[in-house]
Structures are given as structure tokens and as C-alpha cells.
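To start, the structure itself, in C-alpha cells.
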Amino acid sequence: MAASAPLPSDDAQQPRLGLRERKKLKTRVAIREATYRLITDQGYEATTVEQIAAAAEVSPSTVFRYFPTKEDIVLTDEFDPVMEAAIRARPADEPPLESLRAVLRQAVEAILADQPEELLQRSKLMLEIPAVRARMTETMAETSLLLSRAVADRTGRDEGDLEVRVFTASVMAALREVTIYWAEHDQMENLAVLVDRALDSLEGGLSL
């Protein structure tokens, strides 16, 4: 999931980060913020890892240690583990699709509230830069496999079951298309409402 804001939840449910983890997170955020500033000023293609490192006051090797590619800087976040925990915290008798709907909607609303400009820029890059769009597809597939663990545990299935993988992959594919659709339409529509519409399609059996 492309975002770095945490899902809103009770403080007691939030994991406590140690000093080392906080320093790592601070470095990751600094690199990402520097990248977005540079892209805003000079464009994606003109922005180099060396420039990003200088703007973030780290070495190029540090950038690569945290983000293997420039596309990863734009797309990688700290959201996936939080989403997995949020799904596990949903009511035990809630249908899996409703659990994912609630978590994804919370995530979208949190990002729109906390980091609207970053989300706008990220969605534009997904639309305009083929390498970013391709990497987005890869990272969403990775997120799908992560979330399948939580869904499998909630349903008593094995995380490797085909049905579980198809279920989570379908939800993440819907989110991908929502993001692209939103960018194509100049971010004019309500993103959270679009997420609901996409998941309604899945719930209704993909009928048109």
C-alpha cells in the first residue's frame, strides 16, 4: 500500500518502535520527502539517486540500502504491517471482504488527511511513468501475499490456498485500478468512495 501514515487506532494497539527502528524510519522518511521535493522541482527522470542522497543528507549507498530502486522510493512505505495488524484486529465474525474494505477505507482516509500532496504526486507518477507503474504492480502483489496470512488465519484456511490468494489479489488489483482511475480523472472524485465502488463490484460477483 502506497502510504506512510498509520491507520487510526487505539494507541495501545500501535507497536512501540525502539530507538534503532525510529532512526531507520526517520531516514526512510527523509529520503522519500527529498525525492518528492526534487521530482516536483525537476521531474522524475531528471532526479538522480545522487541528488536524492544529497538532499536527504545521506550517502547514495544508504539510499540503496533502504530502497533498491528509485521506483521503490516513491512506492515503498511502512503501511503493510499496520494493515495486516488492522485486519487481524477486526471483529472475528466479520466477512473477510468487509474487513478489508474497512481497513482500506481507513487507510485512504488517513493518507488523504495526513499526506494529500504526496498521494497526489504518487498517483500521477503511477500514471505517467511506466517504470513506477510496473513496480507498483509488483509491490501490490507482495502486499497481497502479506495480507493473505491475516485473511487465512481469520478464515481457518492455509495462506497458500489458491482461493485465499485469489481473494486478496483481487482486492489489491481493485485498489490498483482505483488508483489509476483516480489519477486519470485528475483526482476529482472521492478516493474512498471509489474504493467502496470497486469492492462492491467484487462483492457482487463482477457482474456488469
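Crowding of Glu177 atom CD: a count of heavy atoms from other residues, nucleotides or ligands under 6.0 Å exceeding 12.
Counting heavy atoms from C-beta outward, Val74 and Phe67 have side chains that stay 4.5 Å or more apart. Proximity of Glu33 to Arg37: side-chain heavy atoms (C-beta onward) are separated by under 4.5 Å at one or more points. Side-chain atoms of Arg133 and Glu71, non-hydrogen and from C-beta on, never get closer than 4.5 Å to each other. Looking only at side-chain heavy atoms (C-beta outward), Asp158 and Val164 stay at 4.5 Å or farther from each other. In this structure, Glu163 and Arg157 have side chains that are in contact, with non-hydrogen atoms separated by less than 4.5 Å. You'll find the side chain of Arg65 reaches within 4.5 Å of the side chain of Thr62, heavy atoms only. Looking only at side-chain heavy atoms (C-beta outward), Phe167 and Leu97 come within less than 4.5 Å of each other. Contact of the Leu191 side chain with the Glu109 side chain is not registered, since no non-hydrogen atoms from C-beta on lie closer than 4.5 Å.
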Can you check side-chain contact (heavy atoms from CB on, under 4.5 Å) on Glu159 and Arg165, steps first, answer last?
CA-CA 7 Å; Glu159 66 182 87; Arg165 293 178 61 172; over 6 Å; no
Where do Arg101 and Asp200 land on the side-chain contact (heavy atoms from CB on, under 4.5 Å) test, with the steps shown first?
CA-CA 9 Å; Arg101 182 195 297 272; Asp200 284 344; 3.0 Å; yes
CA sep, side-chain torsions, deciding dist, call: Arg154, Arg90, side-chain contact (heavy atoms from CB on, under 4.5 Å)
CA-CA 9 Å; Arg154 288 174 57 84; Arg90 298 296 301 175; 3.7 Å; yes
So Glu45 and Ile129, side-chain contact (heavy atoms from CB on, under 4.5 Å) or not? Walk me through it.
CA-CA 9 Å; Glu45 299 295 348; Ile129 308 298; 4.1 Å; yes
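Contact record, Ser99 with Glu94: OG-OE1, 2.7 Å, taken as the closest heavy-atom pair. Residue Gln42 comes nearest to Gln51 through the heavy atom pair NE2-OE1, 2.6 Å, listed as atom of the first residue, atom of the second, then distance. Here the closest heavy-atom approach between residue Ser170 and residue Leu202 is recorded as O-CD1, 3.8 Å. In terms of heavy-atom proximity, Leu145 sits nearest to Ser148 at O-OG, 2.5 Å. The shortest non-hydrogen separation linking Ala53 to Ser59 is CB-C, 3.7 Å. Here the closest non-hydrogen pair linking Pro96 and Val151 is CB-CG1, 4.4 Å.
With rounding to the nearest 0.5 angstrom, the CD atom of Glu118 is 4.5 Å from the OH atom of Tyr36. From Thr35, atom OG1 reaches atom CD1 of Ile52 across 3.5 Å, with rounding to the nearest 0.5 Å. Between the OH atom in Tyr66 and the CZ atom in Arg32 there is a gap of 12.0 Å [rounded to 0.5 Å]. Atoms CD1 and CZ, on Ile39 and Arg122 in that order, are 10.5 Å from each other to the nearest 0.5 Å. Distance CG/Leu112 to CD/Glu117: 11.0 Å, rounded to 0.5 Å. Atom-to-atom distance recorded for Met136:CE and Leu75:CG is 7.5 Å, nearest 0.5 angstrom.
Remark: side-chain polar atoms of Asp186 are not paired, donor with acceptor, to backbone N or O of Met188 under 3.5 angstrom.
Hydrophobic clustering (side-chain heavy atoms under 4.5 Å, transitive across Ile, Leu, Val, Met, Phe, Trp, Tyr) keeps Leu146 apart from Met83. Follow the hydrophobic side-chain contacts under 4.5 Å out from Phe64 and you reach Val58 in the same cluster.
Salt bridge absent: Glu98 and Arg105 never bring a charged side-chain N and a carboxylate O closer than 4.0 Å.
Inspection of the Thr168 and Ser144 side chains reveals an N or O donor paired with an N or O acceptor under 3.5 Å. With 3.5 Å as the limit, one finds a donor-acceptor pair spanning the side chains of Glu189 and Tyr181.
Judged by the 6.0 Å distance and 45° axis criteria, Lys70 is positioned over the aromatic ring of Tyr44.
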